[in-house]
Protein chains: 2
Amino acid sequence: MDPLLDLPQLRTFYTLAQAGSFTACARRLNRTQSAVSHAMTKLEGLAGAPLLDRRGRELGLTEEGRRLFLACEQAFATLDAAADDLRRHQPHARGRLRLGATVEFGSSILMRHMQPFLAANPELEIDFTLRPDLLAPLLRDDLDLIIDCLDHPLPSLKKTTLFRETYVVACAPTFRKAHCLRVPVDLSGVPILSIDKAGAWWNRFLMAVPDQEQPLMDRIIEVNHIRAMIHAAIEGMGALLVPRYSVLEELRRGDLVALFPAICPAEDRFSIYQKKVKAGQEKQRLLTRYLQSLSPAEFGS
Amino acid sequence: MDPLLDLPQLRTFYTLAQAGSFTACARRLNRTQSAVSHAMTKLEGLAGAPLLDRRGRELGLTEEGRRLFLACEQAFATLDAAADDLRRHQPHARGRLRLGATVEFGSSILMRHMQPFLAANPELEIDFTLRPDLLAPLLRDDLDLIIDCLDHPLPSLKKTTLFRETYVVACAPTFRKAHCLRVPVDLSGVPILSIDKAGAWWNRFLMAVPDQEQPLMDRIIEVNHIRAMIHAAIEGMGALLVPRYSVLEELRRGDLVALFPAICPAEDRFSIYQKKVKAGQEKQRLLTRYLQSLSPAEFGS
DNA sequence: ATAAGACATGAATATGATTCATACCCATGG
DNA sequence: CCATGGGTATGAATCATATTCATGTCTTAT
């Protein structure tokens with residue numbers, strides 16, 4: 001009877017009120033800012049009254065918004081508790097699961113977040129395979145489930161998107177100072193770290209740079225391993241382009257500094273792929289859900 | 001973080017638990033039984049445990065289902081209260097709204113359900129126009145909003161579906177006895193009431209009858225008004241084909257009896273149409289929502 | 001000013017929920 | 001025992017809607 005307040009928009013509203021900004025809310029929900037905005041427009045439309053108080057900075061709630069928020073708080077707490085309850089009463093999934101992932105993601109992120117899952121599912125035996133080519137082993141049934149940033153649009157596979165991976169250009173602080181790196185052109189003639197000698201690795205960055213500002217990168221140092229590249233960069237060997245998640249620590253500690261924040265290289269989307277015929281299995285669904293539930297923040301995106 | 005229990009499926013589950021059967025639930029929600037079934041399949045999948053206990057007759061809830069139901073009860077009560085609250089605190093919509101509807105639906109159903117809305121919105125002046133051709137006045141802006149069973153797929157119109165209208169063949173009990181009406185062929189040679197002399201009115205019925213059982217309807221009595229036709233039928237003048245909602249009372253009281261329940265003539269779908277440019281207006285949204293909220297049961301479908 | 005950050009918005013797209021058509025199951029009554 | 005009817009399940013097609021993409025606007029800070 002009351003189609004008003006049922007919709008996914010409410011979850012968004014609730015998260016938004018907690019997050020304090022559209023952008024932050026979007027990050028938490030692994031959506032775009034635009035999606036949050038659309039959702040709120042619609043919700044306010046349905047509610048028939050403004051719920052949000054957008055005065056420039058800090059967004060607040062209107063009186064109505066506040067009341068609605070309280071209701072959400074209570075309602076969602078109840079539902080979430082019920083969900084927990086359901087999960088708790090489930091028998092443990094059993095069996096073996098062979099999980100594949102890209103090397104860098106797997107080693108730097110994935111491994112750091114699997115322990116809680118393993119602990120919660122002691123009957124489940126999980127094996128990890130980190131390697132570049134993941135599709136073939138998946139199709140060969142050497143792996144049950146892979147996490148990959150390449151797109152595999154096969155009808156026999158079920159795809160579950162996880163998060164976007166953003167890239168950063170970075171270098172050691174001293175390196176930046178030494179070469180006066182302020183805009184992309186400044187990279188001309190400067191030592192560049194790349195997976196491949198040809199510099200194709202950097203294309204995703206170059207494509208995001210306006211034509212007039214294209215640097216001429218002629219001093220490329222090939223390093224075929226991301227972690228190695230990062231260490232090289234920390235030592236001041238050159239500038240590098242890497243997934244942001246792989247250098248979160250280094251950025252935080254100041255070992256590396258991000259260059260040209262205005263330039264946003266193309267993102268990759270990490271997804272889980274699994275054979276449709278096997279995606280229904282309890283253990284696969286469980287793991288998929290767990291991986292999804294790791295908030296994007298955990299992945300550092 | 002918890003994508004499990006957020007979905008519209010929960011509302012369905014909640015309604016289902018109350019309704020006691022998939023079909024009943026579907027009716028309440030103005031969906032098909034199939035939709036309910038799919039939703040429950042998905043919900044149980046997400047929950048990871050069966051929630052419903054389908055043992056032939058009466059469907060019950062499993063232990064998990066019962067717990068979930070309690071949570072739903074509480075959560076939805078909270079949210080619904082919040083929704084009410086929002087509505088109550090809204091200033092009354094003001095203005096005038098010219099509502100058009102088909103004659104039979106308007107007079108027999110619509111009018112019986114508008115009073116609460118009018119009372120709740122004293123500042124709103126609503127005029128009713130019941131007539132067959134509704135589209136033209138709507139486009140001419142002689143009407144703001146029409147309820148029609150004809151499809152008007154114009155890009156400038158916003159369509160909001162309301163409910164399905166089912167048709168019944170019926171006649172007076174004595175009439176049935178007199179003519180031994182058991183299967184459609186028995187209508188051959190029997191007096192038939194129709195809006196049009198040619199009997200095109202009956203096509204929706206004839207199309208639902210298998211070829212071998214087609215009656216030869218050669219005694220057609222033309223009556224160009226549904227209500228008049230109903231009175232004629234009650235008096236035993238002939239068999240008629242009418243929207244079920246228009247004879248609910250007569251069927252209940254036994255003045256008329258439904259014939260051939262196995263035959264289901266094509267249904268009509270009633271929808272609200274309004275110009276997109278005006279659909280955003282508070283008063284129009286309000287009325288649309290109200291009409292939608294009248295459960296299909298109220299419409300007798 | 002100008003740049004940077006945060007929100008809005010329209011069109012295109014992707015992800016779903018819903019329907020349709022049909023099959024299945026189980027009681028009931030010729 | 002098999003037809004019949006009421007109720008549910010299911011796969012494919014469809015339709016609705018949420019989300020993204022590509023912008024635009026507005027505000028605050030430099």
Side-chain angles (χ1 to χ4, degrees), chain A residues 3 6-13 16 19-27 29-46 50-60 151 153 155 158-161 163-164 182-183 208 260-264 266-267 269 271 276 280 292, chain B residues 3 6-13 16 19-27 29-46 50 52-60 151 153 155 158-161 164 182-183 260-264 266-267 269 271 276 280:
Chain A
D6 213 349
L7 323 122
Q9 281 84 326
L10 270 187
R11 256 302 186 211
T12 308
F13 169 73
L16 173 57
S21 97
F22 281 52
T23 336
C25 169
R27 260 196 303 272
L29 296 174
N30 201 11
R31 308 252 134 83
T32 61
Q33 170 270 320
S34 176
V36 177
S37 177
H38 279 297
M40 289 309 96
T41 305
K42 176 153 196 191
L43 184 61
E44 288 186 313
L46 286 172
L51 302 168
L52 301 172
D53 190 0
R54 302 110 150 135
R55 12 136 223 234
R57 283 269 150 273
E58 302 296 301
L59 104 154
D151 193 32
K158 174 170 161 58
K159 171 180 176 175
T160 310
T161 70
F163 64 96
R164 296 146 184 274
R182 302 200 44 79
V183 291
F260 331 126
I263 310 292
C264 299
E267 304 171 341
R269 297 156 104 85
S271 299
K276 275 183 184 161
Q292 266 199 304
Chain B
D6 213 350
L7 321 123
Q9 281 83 325
L10 270 186
R11 257 301 185 208
T12 308
F13 169 73
L16 173 57
S21 98
F22 281 54
T23 336
C25 170
R27 260 195 304 270
L29 296 175
N30 200 12
R31 309 250 133 82
T32 60
Q33 170 272 320
S34 176
V36 177
S37 178
H38 278 298
M40 289 309 97
T41 306
K42 177 154 194 190
L43 184 61
E44 288 187 314
L46 286 172
L52 301 172
D53 191 359
R54 300 107 151 137
R55 14 137 221 234
R57 285 269 147 273
E58 302 295 302
L59 103 155
D151 193 32
K158 174 169 160 56
K159 172 179 176 177
T160 311
T161 71
R164 297 148 184 272
R182 304 200 40 82
V183 290
F260 331 126
I263 310 291
C264 300
E267 303 171 342
R269 297 155 104 88
S271 299
K276 275 182 184 161

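All chains are named by letter (A, B, ...) in the order of the sequence lines, taking the proteins before the strands, and each is independently numbered beginning at 1.
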Run the numbers on Leu43(B) and Thr12(B) for side chain to side chain contact (heavy atoms under 4.5 Å, CB included), then give the verdict.
CA-CA 10 Å; Leu43(B) 184 61; Thr12(B) 308; over 6 Å; no
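- Under the rule for a side chain to side chain donor-acceptor pair (under 3.5 Å), the partners of Glu44(B) that lie at least two apart in sequence or sit in another chain are Arg54(B).
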Which atoms of nucleotides 15-18 of chain C (N or O only) lie under 3.5 Å from a protein N or O atom, and what are those distances?
| residue | atom | partner | partner atom | Å |
| --- | --- | --- | --- | --- |
| dG16(C) | O3' | Lys42(B) | NZ | 3.2 |
| dA17(C) | OP2 | Gln9(B) | NE2 | 2.9 |
| dA17(C) | OP2 | Lys42(B) | NZ | 2.7 |

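- Note: CG (Leu10(A)) to P (dA18(D)) measures 12 Å, nearest angstrom.
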Kindly determine whether Asp151(A) and Lys159(A) satisfy side chain to side chain contact (heavy atoms under 4.5 Å, CB included), including the steps that lead there.
CA-CA 9 Å; Asp151(A) 193 32; Lys159(A) 171 180 176 175; 3.0 Å; yes
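- If you take CZ of Arg54(A) and C1' of dA8(C), they are 9 Å apart, rounded to a whole angstrom.
- Scanning both residues, Phe13(B) and Met40(B), for their nearest heavy atoms gives N-CE, 3.4 Å.
- Within 4.0 Å (heavy atoms only), Ser34(A) reaches at least one base atom of the nucleic acid.
- Applying the 4.0 Å criterion to OP1 and OP2 of dG6(D), one finds that Thr23(B) has every side-chain N and O outside that range.
- Atom pair Phe260(B):CZ and dG5(D):P shows a separation of 14 Å (rounding to whole Å applied).
- The CG-P distance, from Leu52(B) to dA9(D), rounds to 8 Å in whole Å.
- Rounded to whole angstrom, the span from the CD atom of Gln33(B) across to the P atom of dA23(C) amounts to 15 Å.
- Contact between Thr161(A) and Ser271(A) at its shortest, heavy atoms only, is CA-OG, 3.5 Å.
- Look at Arg269(A) and you won't find any side-chain N or O under 4.0 angstrom from OP1 or OP2 of dA14(C).
- Here the closest heavy-atom approach between residue Thr32(A) and residue Arg164(A) is recorded as CG2-NH2, 3.9 Å.
- Contact annotation: side chain of Thr41(A) to base of dT9(C), donor-acceptor pair absent below 3.5 Å.
- Between the P atom of dA16(D) and the CG atom of Leu29(B) lies a distance of 18 Å, rounded to the nearest Å.
- Computed from coordinates, the Phe22(A) CZ to dT20(D) C1' distance equals 17 Å when rounded to whole Å.
- Under the salt bridge (charged side-chain N to carboxylate O under 4.0 Å, His left out) criterion, Lys158(B) pairs with no residue, sequence neighbours left out.
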